[in-house]
Chemist: 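Before I ask anything, here is the structure I am working with.
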Amino acid sequence: MTEFIQLVLAGTANGCIYGLLALALVLIYRSTHIINFGQGEMAMFSTYICWSFLNAGMGYWVAVPLTLILAFAAGIAVQRILIRPVQNAPELTIVIVTLGLYLFFNSLALWIYSGVPKPFPLPTGIRQASWQVGDIFIIPYHLFIFAVLITLMAVLYVLFQRTKLGLGLRAAAAQPASSRLVGINVNWMLALGWGIAAAAGALAGILSAPVVQLEPNFMATILIFSFASATLGGFDSPPGAVVGGIAIGNIVALGGRYIEFIGTQLDIVLALVVIVAVLLIRPAGLFGRQVVQRV
Amino acid sequence: MDFVRSFDYRRNWFFPLFVVAGLVWLLAEPAKLDAIPAVGDLIGPFAGMAALLSIVAIGTVIVATALRPVLDRGPQAERALRWVGYGLIIAFFAFMPLYVEAIPHASMLKMTVAIQFMMVIVGINLLTGFGGQISLGQGAFFAIGGYTLAIGFREWDMPWGWSLIIAPLIAGALGFLIGIPALRFKGPYLALATLSLAVTVTPLAKKFEEFTGGVQGVVMFGKLGVPFWQDNLDRFFYYTTALLALLVFVLAANLRRGRFGRALIAIRDNETAASAMGVNVALYKMTAFGIAGAFAGLAGALNGVVIQFVSPDQYSPLLSIRFLVGAVIGGVATINGAIIGGLFQQFVPDVTVSINKSAPDAIQAIILIVVMYTMRHGVAGFLQETWRYARSGLRLRKPGAGGTAIVETVVVVEQEEVVVVRQDGGGSG
Amino acid sequence: MSAILEAVNLRAAYGDRPVLFGIDLRVPERGIVALLGANGAGKTTTLRALLAEVRTWGDVRYQGESIAGKSTQDLVRMGMVMVPEGRGTFTDFTVEENLLLGAYSRRDKDGIRRDIERMYGYFPVLGQRRKQRAGSMSGGEQQMLAIARALMSRPKLLLLDEPSLGLAPLIVQEIFGILTTINREEGVSMLLVEQDAVRALKVATYAYLLETGRVALEGTADQLAASDDVRRAYLGY
């Protein structure tokens, strides 16, 4: 039982990170019907930028917000420069362009920072040692990740549901043509969506970097788990993405331990199984709305 | 539905400029094309490739202009000329050993691998270009080919020749089966599902150590016997690959031109209409997956034979992405584009890797995006359009000429009736 | 009477395909002008061209100023608002959110609040459903919502695209009644695209008849209603 709880704690912490990146994917998918294959690599590159700041002597609590702002700006720039020209192009074109983003950021990171893993510190003020409650060890950083996720969700909820900008963002995503007619600048709303997504992704990268090692491919696996999370939660539901992420985190943690065949090597297969199963059984995911086929 | 809008001189006026700039750069210092790695920065390869492309494009213009009197004689002349073109391409590959040394960065082995890439890409062109099904998982079928060879060799001492028959069968059957869940997925979802297929290959191969040899892989070096040219294995494998590739290309071209191809295109352009015409959408989609899988499986087995080594890390998800990238750069809805795509994927990384270990991918990423903006039909589409442009005496078609934008899709139903489905290309008034 | 909108030689195209071939059009201040014509004559395109939603050439003056190069958002902000065909309801949003979206280009919070209540006065049914998902309402209710949403931006000129489409006659009557009230009381000018020529000519003061992207006939509503061509082709008697 102790072990089970321990696994759930770790699985939930990892799941929060999957959920964050899934959130980024969902924010973009919801507004533009694009699955951004470059999302993970954009997050990875942002994490390297943050590492550079830290390495230059900046404090954690300065470097991270600064990185998030930069990631936000970069997300907007990517949408304005690269995505907008192909926004109405066939799906293959858009998939290819986002794959181009994947390749580009991946190779750029390898080029600039080399493949040697970089140590990434815990946030200042978060201690390494774990607390013991009965037989269970609680890692402070896991709680931190969870707290960050909850805070971010709250902020996004207020932004989307309680502000005029949020109303515009939601409207532009749901019905761009009508939004234009009420005077919403839809193009900018979509770009802002990309910016928010890029910042959320960057946060996922920064949070996971101290746990796994920071190297150019470190987000690739996380991206697949996030795809699984977004698929499970529903590609058009931000809360679904987070719930899906936590579910996937636990499926992977528990599956790896209790299904002997899976072990630690085949956890990615679990993600694949989830993706295919969800798409076959309930393509809209747990929280998504059934997709209406536009002919 | 402009799934495959080809290159258009009217819209992409800046692209010829870009190409000319590359040519000027090359003429200024001709030695640079050969010395690309020495340039040490990213401009070199781009300028080099632009220059190469411009040479080919200008060559195309000259040839097409010179042949105009012949071509104007009618469709037979055009057809005959096309066969001459095919003949030249085949001859180029057939006499490869004579001049392979003279081509920078080339060797028999690299050419062999390039041709194997072409085989995979031809499959992608059928599946994605004509069938409209995005697959990021062709590396998985490639891996199945490689492991059919390796496991056969390791477990049962199977002669490698058998794997060339068994691998495409297994990969094809698996592709056909994977086509079933794929029926439920559309567009980016399918890309996602197939990508996760590609991602699982390496961990699976590592897991089943008792068959695959785990991380160490299966070493077959010097243990694959050949009936002749024992002293020149590279040559033997080159011709084996080239002959099988010819077979694959002929098969693909026939499929493309026949009922299968027309049905695929109809499904791609309007699935509902095609289905209403009596096309068995599911069967055709699955078959397309099966064929693409079989091609990749065959290429994978051949690759294992040539490299004489199979290991999990050869089949990373990046491999699958590279196959698709090659297909797209060559021209995804063309058969000939696969030749360009294969050569591109073999030689561009090879030439640029000396700049930096990660330069090939960075360069590919940029080229990929540029190609998507300027010529969605890839290099093959660009050259076709150039040819057409030169054929019409270097005159641009006037905007709006040819009436309204009507997309015609020819659907051949099972009874061989030809039905024309007309779709209004523009918005409604 | 001065014109709020005046278009000279308005042309428009979808891609390479021209759809409007030079339309001259004038909407007087506080007037209602009807735009009639068969399917595909270019009525909707005319509205979309005026709002810069399609590629457009020609000289369009709105409140005496040329609006060349202005984007749709700019024009909405300037008070030129469309009630699109199919109503453009934000289906997943509540009725109230729809009205707030209508006021997106405004900044005066109190004014917006007051206007929402005013709309509930015009359309009591919307007031009863303020928290309901707009997509779940009937066609007539959605049409009312669309008009209310457009009015929320305090327009000076409403471009109405087939407000009667698919609605029961009684509802159509109610909607046209409200439109004339709004025109009279608030001085909103209207350009009305309508299939139902009888009804359109009843509320309009002036009308244009479009045929394949050109103005085939124009005149006061009475003149058009009396014209044999229009009667035979569009009024059905």
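Protein chains get the first letters and strands the later ones, always in sequence-line order, with residue 1 at the start of each. Because only heavy atoms are used, hydrogens play no part in the values below, and waters and symmetry mates are left out as well, while side chains stay in.
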Chemist: Would the number of heavy atoms belonging to other residues, nucleotides or ligands and lying under 6.0 Å from CZ of A/F146 be above 12?
Modeler: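 Atom CZ in A/F146 is not crowded, with 12 or fewer foreign heavy atoms closer than 6.0 Å.
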Chemist: Got more than 12 heavy atoms from elsewhere within 6.0 Å of CD, C/E65?
Modeler: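 Counting other residues, nucleotides and ligands, CD of C/E65 stays at 12 neighbours or fewer.
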Chemist: Closest approach of A/L181 and C/L51, non-hydrogen atoms and distance?
Modeler: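 Scanning both residues completely, I find the closest heavy atoms to be CD2-CD1, 3.7 Å.
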Chemist: Under 4.5 Å from any heavy atom of chain A, what part of C/L75 do you find: side chain, backbone, both or neither?
Modeler: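 No part of C/L75 comes within 4.5 Å of chain A.
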Chemist: Identify which part of C/F93 has an atom lying under 4.5 Å from any heavy atom of chain A, answering side chain, backbone, both or neither.
Modeler: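 For C/F93, the contact with chain A is made by the side chain alone.
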Chemist: If you check every heavy atom in residues 69-77 of chain A against those of chain C, which residues fall under 4.5 Å?
Modeler: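 Counting heavy atoms that sit under 4.5 Å from chain C, no residue of residues 69-77 of chain A is involved.
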Chemist: Could you tell me which non-hydrogen atom of A/A171 sits nearest to which non-hydrogen atom of C/L101, and how far apart they are?
Modeler: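 For A/A171 versus C/L101, the nearest heavy atoms are CB-CD2, 3.5 Å.
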Chemist: With a sphere of 6.0 Å drawn around CZ of C/R114, does it hold more than 12 non-hydrogen atoms of other residues, nucleotides or ligands?
Modeler: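 No, because the 6.0 Å sphere around CZ of C/R114 holds 12 heavy atoms or fewer from other groups.
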Chemist: Check chain C against chain A and list any donor-acceptor pairs under 3.5 Å.
Modeler:
| unit_1 | atom_1 | unit_2 | atom_2 | d |
| --- | --- | --- | --- | --- |
| C/Q73 | NE2 | A/N185 | OD1 | 3.4 |
| C/R77 | NH2 | A/G183 | O | 3.3 |
| C/G88 | O | A/S178 | OG | 3.1 |
| C/T89 | O | A/Q175 | NE2 | 2.4 |
| C/T91 | N | A/Q175 | OE1 | 3.3 |
| C/E97 | OE2 | A/R170 | NH2 | 2.8 |
| C/Y104 | O | A/K164 | NZ | 2.8 |
| C/R106 | O | A/K164 | NZ | 2.9 |

Chemist: OH of C/Y208: more than 12 outside heavy atoms within 6.0 angstrom?
Modeler: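 Atom OH in C/Y208 is crowded, with more than 12 foreign heavy atoms closer than 6.0 Å.
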